[in-house]
Engineer: 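Before I ask anything, here is the structure I am working with.
Worth saying up front: this structure is predicted, and the values here are computed from it rather than measured. Hydrogens, waters and symmetry mates are skipped; everything else that's a heavy atom, side chains included, is used. Numbers restart at 1 for each chain; the letters A, B, ... are given by sequence-line order, proteins then strands.
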Number of protein chains: 2
Amino acid sequence: MDTADLNLLDALVTHRTRLKKGAALYRVGDPFTALYAIRIGSCKTTILAEDGREQIAGYHMLGDIIGLDGISSDRHGCEAIALEDTEVCALPFDQLEELARTVTSLQHNLHKFLSREIGVEQHVMLLLGSMRAEERLAVFLLNLSDRYRLRGYSATELVLRMTREEIGSYLGLKLETVSRLLSRLQEEGLLQVQGRTVKLLDLAALRQLAGRHC
Amino acid sequence: MDTADLNLLDALVTHRTRLKKGAALYRVGDPFTALYAIRIGSCKTTILAEDGREQIAGYHMLGDIIGLDGISSDRHGCEAIALEDTEVCALPFDQLEELARTVTSLQHNLHKFLSREIGVEQHVMLLLGSMRAEERLAVFLLNLSDRYRLRGYSATELVLRMTREEIGSYLGLKLETVSRLLSRLQEEGLLQVQGRTVKLLDLAALRQLAGRHC
DNA sequence: CGACTTATTGACAATAGTCAACACTCGTGG
DNA sequence: CCACGAGTGTTGACTATTGTCAATAAGTCG
């Protein structure tokens, strides 16, 4: 988005919310009133199945906007939980729609935004449906690396904000599988693991593993 | 959508397109200009990976609107192929946006529409990431059943428009697995398979298998 | 410091994939 | 209208990948 649009959005922000680690920004079924832009920290969004199973649908950090899935039914369809102390600002959606009626560029950006979310999820569907465990993990790490880089952090020294179980949930794998794969990739010299710190040592090899998805 | 909005949309439709079975409505990278509403027949949309792998992202039939993922980059991110002789009508997207600026209800419906697509894809992510083969197939069949029913067709006698391989591609399974599962469910008396005709005999048991996802 | 959560690793099991043979279907052209 | 052939579907035997269970180690937080 260009700066003019961003300024308009800023005007919509009436209040910011602080979330302690583990706190929920919204839960399934909560009334949908606003989108949320992450200012500090990071969140996971979780999809819940009727039978209690749950799966992490995405990780979100500085600048990401979450809550898009709530528009369709006026209720949130997943829940957002802070992975660390986090601050978000609310963009009331009715005001956003009103603004979009007069500011064409904002309207189009909103549509692009929603559409991009669809594209991202299709990418995850491809990952879950046709890639093997090792490829999934490589894609995950490279994707994180990219997003860190874009935000000015190191692209090779990642500090994960989530547990092995959460990574597994996102990738459709069990936590033991994630742990084993990290150990194996370390043995092979592609990366170095130290708890939640992962140093990517051979980006080219990881990209090859990922099947050039990144 | 209410009838007033639908009439407005109708006014946008300048031409209809007929597709022979197997023909592409659009391919990856094609310029995005319009959404398409299916009038007759059905389509699959396919995501392509850089390394040639492909996966079916969705099946679409009468009344469905496809092409939403193209908005974000002005190019289509997946390809749409007719599964049978099919007719679609094009909704030029710039005109749709223009209309949405003045007709509030249409604007909101467009947003809901985009958001619903996000929700549907999250549902597929859950399916691919945390359900076993048998559950996935049950969800798939029940989902088809629902959509047929909503369109006035039989909810229990399904005529599949796709091959076992295509079903497998959508569900993240191999065609042999799909074939075996259908045979097994038939043995267990939950359904009856005859080529591409599937009769659902025990919806309750299928729902149980699906983990109450449907 | 100590309780609890998170992570690693091994042994084994289960699920789904691979390869291969064969049967069935459907549309086409003789 | 029938026969042929390509594409599609089924099934079996075997393999590979990932999951399960369990024991232990390492971190983390009050």
Engineer: Round to a whole Å and report the spacing from CG of Leu173(A) to P of dT20(D).
Structural biologist: 11 Å
Engineer: Is any side-chain heavy atom of Asp51(A) closer than 4.5 Å to one of Gln208(B)?
Structural biologist: no
Engineer: Whole-Å distance between dT6(C) P and Leu160(A) CG?
Structural biologist: 14 Å
Engineer: Could you pick out which residue, Gly172(B) or Lys21(B), lies toward the 5' side of DNA chain C when each is mapped onto its nearest nucleotide?
Structural biologist: Gly172(B)
Engineer: What's the shortest heavy-atom distance between Arg39(B) and Leu62(B), and which atoms?
Structural biologist: O-CD1, 3.0 Å
Engineer: Does a donor on one side chain and an acceptor on the other come within less than 3.5 Å for Glu84(A) and Ser42(A)?
Structural biologist: yes
Engineer: May I have the distance from Gln192(B) (atom CD) to dT10(D) (atom P), rounded to whole angstrom?
Structural biologist: 13 Å
Engineer: Less than 4.0 angstrom between a side-chain N/O of Thr177(B) and OP1 or OP2 of dT15(C), yes or no?
Structural biologist: no
Engineer: Measuring to OP1 and OP2 of dT10(D), would you say a side-chain N or O of Arg180(B) lies under 4.0 angstrom away?
Structural biologist: no
Engineer: What nucleotide among dT8(C), dT8(D), dT10(D) has an atom nearest to a side-chain atom of Thr163(B)?
Structural biologist: dT8(D)
Engineer: For Asp85(A), run the salt bridge (Lys or Arg N to Asp or Glu O under 4.0 Å) check against Lys20(A), Lys21(A), Arg161(A) and tell me which one passes.
Structural biologist: Lys20(A)
Engineer: Whole angstrom is fine here: how far is it from CZ in Arg164(A) over to P in dG19(D)?
Structural biologist: 16 Å
Engineer: Among dT6(C), dT10(D), dC19(C), which is the nearest nucleotide to the side chain of Glu176(B)?
Structural biologist: dC19(C)
Engineer: Using a cut-off of less than 4.0 Å, is there contact between a side-chain N or O of Arg196(A) and OP1 or OP2 of dA7(C)?
Structural biologist: yes
Engineer: Test salt bridge (charged side-chain N to carboxylate O under 4.0 Å, His left out) on Lys174(A) and Glu165(A) and set out the steps.
Structural biologist: CA-CA 7 Å; Lys174(A) 293 294 163 184; Glu165(A) 185 170 23; over 6 Å; no
Engineer: Please report, rounded to the nearest Å, how far the C1' atom of dT8(D) is from the CD atom of Glu166(B).
Structural biologist: 11 Å
Engineer: Hey, is the side chain of Arg132(A) poking within less than 4.0 Å of OP1 or OP2 on dT17(D), counting only N and O atoms?
Structural biologist: yes
Engineer: Please tell me which of the listed nucleotides, dA7(C), dT8(C), dT10(D), lies nearest to the side chain of Ser179(B)?
Structural biologist: dT10(D)
Engineer: Between Arg184(A) (CZ) and dT8(C) (P), how many Å, whole number?
Structural biologist: 15 Å
Engineer: Quickly work out the Arg53(A) CZ to dG19(D) P distance and round it to whole Å.
Structural biologist: 14 Å
Engineer: So, is Gln194(A) near the phosphate of dA7(C), with a side-chain N or O under 4.0 Å from OP1 or OP2?
Structural biologist: no
Engineer: Closest approach to the side chain of Leu175(B), judged atom by atom: which nucleotide of dT10(D), dC29(D), dA16(C) is it?
Structural biologist: dT10(D)
Engineer: Grab the CD-C1' distance between Glu135(B) and dA16(C) for me, whole Å please.
Structural biologist: 14 Å
